[in-house]
Amino acid sequence: MTTFTAAPGTGEARPPQPRALIVTIYGLYARDQAAGAGGWLSVAALIRLMAGLGADQAAVRSSISRLKQRGVLEPLRLDGAAGYALSARGSEILAEGDRRIFERPRARLADGWLLAVFSVPERERGRRHALRSRLSWLGFGTVSAGVWIAPAHLAAETRDALARHGLSGYVDLFSADYLAFGDVREQVGRWWDLDRLERLYQEFLDASGPVLERWRGAGEAGPDGAAFADYVRALTAWRRLPYLDPGLPAELLPDDWHGLRAAGAFAALRSRLAGPARAHVLVVTGEPPAA
């Protein structure tokens, strides 16, 4: 059975860690009022769900503890059952992810660019690293050491993220147009590592193709643990890519851009697997799926 646990190609992809799978489960189901209680899941239900993904109880409890330490989850007992709820920070992170993962905005060339200009003192190297990491995660490319660039449609998201992480005091944001002296499409290839992104998209296609083909040959399903496992793994593999990809204007992308085909593959997997996967979660959490 082909799943998203292999690391084909360049070896950049890795089997998803239990912590990443738990974040995916909370993002998909804990905010679903039928499956979760306002962002809450019981530990017992989470252990059962994660068992279907090949994670043992010790790994689940360790991952929950780490997410608690990071301020993503908070312990909460409901009706006598031990569980964890999303913190306010965790909810913000997932809401931000929803926009990137499921809406996937694509820039227009006429929208212009967003520049982040920063200079962080050497004595604050940790903050400089944090700022660069956050800009990379937002999808920025690098013009020079202290000048980073992104499509203009990321302005509000960038402003909010930098403020939330205490980094706004180190950076200035500008809206800009490219005037001269080069071809913008060539410059984009210098500002972003599009070759690496193409490889990551191809790895997703290599992993998703056999899975999608297998499910296309299957009949309509009700609650299905295999659909749940494949969907959670697929989304976990997919959800970092829209962050690395800033949504550049289509006319600036290489010919036969793998990202478009990869997005189509994820959409097809979501369409086929989301229903039976959710039904499986409802069974595990004790809620009967809709007839």
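Numbering starts at 1 and runs along the sequence shown.
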Least distance between heavy atoms, Pro18 atom then Met50 atom:
O-CE, 3.6 Å
Run the salt bridge (charged side-chain N to carboxylate O under 4.0 Å, His left out) test on Glu251 and Arg108 for me, step by step, so that the C-alpha distance in whole Å, both residues' side-chain angles and the decisive distance to 0.1 Å come before the verdict.
CA-CA 9 Å; Glu251 57 265 47; Arg108 299 176 305 166; over 6 Å; no
Quick one: pull up CG in Leu67 and OG in Ser87 and give me the separation to the nearest 0.5 Å.
9.5 Å
Looking at Arg70, I'd like to know if its CZ atom is crowded, meaning that more than 12 non-hydrogen atoms belonging to other residues, nucleotides or ligands lie closer than 6.0 Å.
no
Least distance between heavy atoms, Phe204 atom then Ala234 atom
CE1-O, 3.6 Å
Atom OG1 in Thr236, atom CD in Gln17: separation rounded to 0.5 Å?
11.5 Å
For the student: nearest non-hydrogen atoms of Pro210 and Ala207, plus distance:
CD-O, 3.6 Å
Output for pair (Tyr201 OH, Ser208 OG), nearest 0.5 Å, gives 12.5 Å
Can you find a heavy atom in the side chain of Ile93 that is under 4.5 Å from one in the side chain of Leu86?
no
With a 4.5 Å heavy-atom cut-off, do Leu194 and Trp257 have their side chains touching?
yes
Taking the side chain as everything from C-beta on, heavy atoms only, tell me whether Arg164 gets closer than 4.5 Å to Arg134.
no
Judged by atom type as modelled, is there a donor-acceptor pair below 3.5 Å linking the side chain of Trp40 to the main-chain atoms of Leu76?
yes
Examine distances only and state if a side-chain atom of Arg31 and a backbone atom of Gly27 form a donor-acceptor pair shorter than 3.5 Å.
yes
Using 30° and 60° as the class limits, which term best fits the ring planes of Trp113 and Trp191: parallel, tilted or perpendicular?
perpendicular
Worked check of salt bridge (charged side-chain N to carboxylate O under 4.0 Å, His left out) between Asp245 and Arg196:
CA-CA 11 Å; Asp245 184 343; Arg196 175 176 178 261; over 6 Å; no
Taking all heavy atoms of Glu96 and all of Ala161, pick out the closest pair and write down the distance.
OE1-CB, 4.5 Å
Are more than 12 heavy atoms, taken from residues, nucleotides or ligands other than Asp183, located less than 6.0 Å from that residue's CG atom?
yes
For residues Tyr29 and Leu282, determine if any side-chain heavy atom of one lies less than 4.5 Å from a side-chain heavy atom of the other.
no
Taking it one step at a time, do Tyr26 and Leu73 satisfy side-chain contact (heavy atoms from CB on, under 4.5 Å)?
CA-CA 10 Å; Tyr26 266 85; Leu73 297 180; 3.7 Å; yes
Can you tell me how far the CZ atom of Arg233 sits from the CG atom of Leu269, to the nearest 0.5 Å?
13.0 Å
May I ask you to decide if Glu157's main-chain N or O and Asp160's side chain share a donor-acceptor pair within less than 3.5 Å?
no
Scan side-chain atoms only and decide if Arg199 and Gln202 contain a donor-acceptor pair under the 3.5 Å cut-off.
no
Salt-bridge contact Asp172-Arg159 (side-chain N to carboxylate O under 4.0 Å)
no
Side-chain (Arg66) to main-chain (Arg19) donor-acceptor, under 3.5 angstrom
no
Give every residue pair that meets the side-chain hydrogen bond (donor to acceptor under 3.5 Å, both in side chains) criterion with at least one member in residues 47-58, sequence neighbours excluded.
Gln57-Arg61
Kindly give the heavy-atom pair with the smallest separation between Ser42 and Ala45, and that separation in Å.
OG-N, 3.0 Å
For side-chain contact (heavy atoms from CB on, under 4.5 Å), just list the numbers for Leu154 and Arg100, CA-CA rounded to whole Å, side-chain angles, deciding distance to a tenth of an Å, and then say yes or no.
CA-CA 10 Å; Leu154 295 178; Arg100 279 292 185 100; 3.2 Å; yes
Taking the side chain as everything from C-beta on, heavy atoms only, tell me whether Leu200 gets closer than 4.5 Å to Arg240.
yes
Counting only N and O atoms by type, is there a donor-acceptor contact under 3.5 Å from the side chain of Arg106 to the main-chain atoms of Leu248?
yes
Point-to-point distance, once rounded to the nearest 0.5 Å, from CG of Leu241 to CG of Leu197
7.0 Å
Can you check side-chain hydrogen bond (donor to acceptor under 3.5 Å, both in side chains) on His129 and Arg132, steps first, answer last?
CA-CA 5 Å; His129 175 73; Arg132 288 173 174 168; over 6 Å; no
For Leu49 and Phe228, work out which heavy atoms get closest and say how close.
O-CE2, 3.4 Å
Between the CG atom in Asp206 and the NE2 atom in His258, the distance rounded to the nearest 0.5 Å is 9.0 Å
Take Arg261 and Asp256, measure what side-chain contact (heavy atoms from CB on, under 4.5 Å) needs, and give me the verdict at the end.
CA-CA 9 Å; Arg261 291 190 292 117; Asp256 191 30; 3.8 Å; yes
What I'd like to find out is whether the side chain of Phe174 reaches to under 4.5 Å of the side chain of Ile149, using heavy atoms alone.
no
Between Glu74 and Tyr84, does any side-chain donor sit less than 3.5 Å from a side-chain acceptor?
no
In the hydrophobic clustering that connects Ile, Leu, Val, Met, Phe, Trp and Tyr at side-chain heavy-atom distances below 4.5 Å, which members other than Phe140 occupy its cluster, ordered by chain and number?
Leu114, Phe118, Val120, Leu131, Leu135, Leu138, Trp148, Leu162, Leu167, Tyr170, Val171, Leu173
Cluster question for you: counting only ILVMFWY and a side-chain heavy-atom cut-off of under 4.5 Å, with indirect links fine, are Leu212 and Leu205 together?
no
Heavy atoms of other groups near Glu213 CD, more than 12 under 6.0 Å:
no
Linking Ile, Leu, Val, Met, Phe, Trp and Tyr through side-chain heavy atoms less than 4.5 Å apart, which residues share a cluster with Trp137?
Tyr243
Can you confirm whether Phe266 sits close enough to Leu235 that some side-chain heavy atom of one is under 4.5 Å from a side-chain heavy atom of the other?
yes
Would Arg272 and Arg216 count as a side-chain contact (heavy atoms from CB on, under 4.5 Å) if you check the C-alpha gap in whole Å, the side-chain angles of each, and the deciding distance to 0.1 Å?
CA-CA 8 Å; Arg272 181 64 182 82; Arg216 278 175 175 158; over 6 Å; no
Side chains of Arg270 and Phe102: does their closest heavy-atom pair fall under 4.5 Å?
yes
Report, as yes or no, whether the 6.0 Å neighbourhood of atom NE2 on His165 holds more than 12 heavy atoms from other residues, nucleotides or ligands.
yes
Report the residue from Val211, Leu28, Asp224 that forms a side chain to side chain contact (heavy atoms under 4.5 Å, CB included) with Tyr231.
Leu28
